[in-house]
Protein chains: 2
Amino acid sequence: MRLTLHTDYALRLLTYLALKRGEVATIREVAETYGISRNHLVKIADGLRHAGFVDAQRGRGGGLRLARPAHAIGIGAVVRAMEEDLNLVECFDPQTDRCRIGPSCRLKHLLHEALDAWMAVLDKATLADLVERPKPLRRLLELSA
Amino acid sequence: MRLTLHTDYALRLLTYLALKRGEVATIREVAETYGISRNHLVKIADGLRHAGFVDAQRGRGGGLRLARPAHAIGIGAVVRAMEEDLNLVECFDPQTDRCRIGPSCRLKHLLHEALDAWMAVLDKATLADLVERPKPLRRLLELSA
DNA sequence: CCATAAGATGCATAGTAAATACATCTTAAG
DNA sequence: CTTAAGATGTATTTACTATGCATCTTATGG
């Protein structure tokens, strides 16, 4: 059980933007800072834009910034937006379910319960909580204090 | 985020064995009943045997049976045994962690918390809970009432 | 004691999804 | 009108999961 890198990188990007305090950051800058693929991050930024978490400005001097204050960006919401497939098992999706005992299986309920518990934890936190202590983070990212 | 089919099939196999009430079932029989690959199920049965959930008897008249009563088989334990990789993100594993903000990142803690909440739900249930109402399940699997 | 039916094991292959790269288009600033 | 930025679509690579196949080991029954 893993989250996709998409989700991981999306949260890193948002963290970076939160630490920028409203200034724009370019995708290139963020990719180079974290040492990850610029092309890949483009897709992720696009996803975040479509989901309404970031605003993008094209052209010279452009870049990305948070579309809302950090405390208004829930971590659960970000995960739900980026993680396309939260079907833990085949039978979560009626389209793909081939399991014979589907109708009477209690496992599905249990796994749904577990997933709800997982999401509840993520829904309690916001991006602001992730950058509560900005100083060490800004140092690690080589952002001016 | 998905569980592997390994885990899914392992739980189906255990469910089948629980419904057999101590009688042996062959891997072939279980694979054919669920309509899944026999070869694949062999591997899964082997994993369950190594983890101590089932006993296997080779040779004619052999097969699988639960190594312990259903109420002593925790669902969380099965998931932990079958799901090799519970590293939700890169930074969960110090071996693979390349993230620059690792040391100060609060996300890791949050995701660990969420994973604990998820596991807590699974740890509360046992195989016995999954077959609490055996009749409809036995009918769906075409096991004699 | 041998034929057969079962699991055990290891290797090979296929299928799928994620990650990455590349090319081109659009937009805005100076 | 040049340059720097994001937008978009396609192609490729890679990794992992799932599956298949071949062979070995073990036990039972005739």
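On a predicted model such as this, the values are computed, not experimentally measured, just so you know. Both backbone and side-chain heavy atoms feed into the values below; hydrogens, waters and symmetry mates do not.
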**Message:** Give the residues of residues 25-39 of chain B touching DNA chain D, defined as any heavy atom closer than 4.0 Å, sorted by residue number.
**Reply:**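 By residue number: B:Ser37, B:Asn39.
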Shortest non-hydrogen contact between [X] and [Y], atoms and distance:
X: B:Leu115; Y: B:Phe92; answer: CD2-CE2, 4.2 Å
X: A:Ala81; Y: A:Ala51; answer: CB-CB, 4.0 Å
X: B:Glu83; Y: B:Leu3; answer: OE2-CA, 3.5 Å

**Prompt:** Within 45° of the six-membered ring axis of B:Tyr34 and under 6.0 Å from that ring's centre, is NZ or CZ of B:Arg12 located there?
**Reply:** yes
**Asked** Ion pair present between B:Arg80 and B:Asp123, side-chain N to carboxylate O less than 4.0 angstrom?
**Response** yes
**Request:** Report yes if the side chains of A:Arg65 and A:Gln57 come closer than 4.5 Å at any heavy-atom pair, otherwise no.
**Result:**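 No, side chains not in contact.
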Spacing between [X] atom [atom1] and [N] atom [atom2], to the nearest angstrom:
X: B:Leu48; N: C:dA8; atom1: CG; atom2: C1'; result: 14 Å
X: B:Ile44; N: C:dT9; atom1: CD1; atom2: P; result: 16 Å
X: B:Met82; N: D:dT17; atom1: CE; atom2: C1'; result: 13 Å
X: A:Leu64; N: D:dA5; atom1: CG; atom2: C1'; result: 10 Å
X: A:Asp46; N: C:dT20; atom1: CG; atom2: P; result: 17 Å
X: A:Arg49; N: D:dA5; atom1: CZ; atom2: P; result: 17 Å

**Asked** Can you list the residues that meet the side chain to side chain donor-acceptor pair (under 3.5 Å) rule with A:Asp97, with sequence neighbours excluded?
**Response**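 For A:Asp97, no residue satisfies side chain to side chain donor-acceptor pair (under 3.5 Å) once neighbours in sequence are set aside.
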Identify all pairs in which a protein N or O lies below 3.5 Å from an N or O of nucleotides 26-30 of chain D, and state each distance.
| residue | atom | partner | partner atom | Å |
| --- | --- | --- | --- | --- |
| D:dT26 | O4' | B:Arg58 | NH1 | 3.1 |

**Request:** For D:dA18, take OP1 and OP2 only and decide whether either is under 4.0 Å from a side-chain N or O of B:Arg2.
**Result:**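 For D:dA18, neither OP1 nor OP2 has a side-chain N or O of B:Arg2 closer than 4.0 Å.
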**Criterion salt bridge (charged side-chain N to carboxylate O under 4.0 Å, His left out) on B:Glu113 and B:Arg106, from CA distance to verdict** = CA-CA 11 Å; B:Glu113 238 183 87; B:Arg106 305 256 311 133; over 6 Å; no
Expected list for residues 38-46 of chain A: side-chain donor-acceptor pairs under 3.5 angstrom, two or more places apart:
| residue | atom | partner | partner atom | Å |
| --- | --- | --- | --- | --- |
| A:Asp46 | OD1 | A:Arg49 | NE | 3.4 |
| A:Asp46 | OD1 | A:Arg49 | NH2 | 2.6 |

**Request:** Please identify each residue that fulfils salt bridge (charged side-chain N to carboxylate O under 4.0 Å, His left out) with B:Arg2, with sequence neighbours left out.
**Result:** A:Asp85
Taking N or O atoms only and anything under 3.5 Å, show me the protein contacts with nucleotides 12-19 of chain C, one pair per line.
| residue | atom | partner | partner atom | Å |
| --- | --- | --- | --- | --- |
| C:dA19 | OP1 | A:Leu5 | N | 2.6 |
| C:dA19 | OP2 | A:Leu5 | N | 3.2 |

**Request:** Calculate, to the nearest 0.5 Å, the distance between atoms CG and CD1 belonging to B:Leu107 and A:Ile75 respectively.
**Result:** 7.0 Å
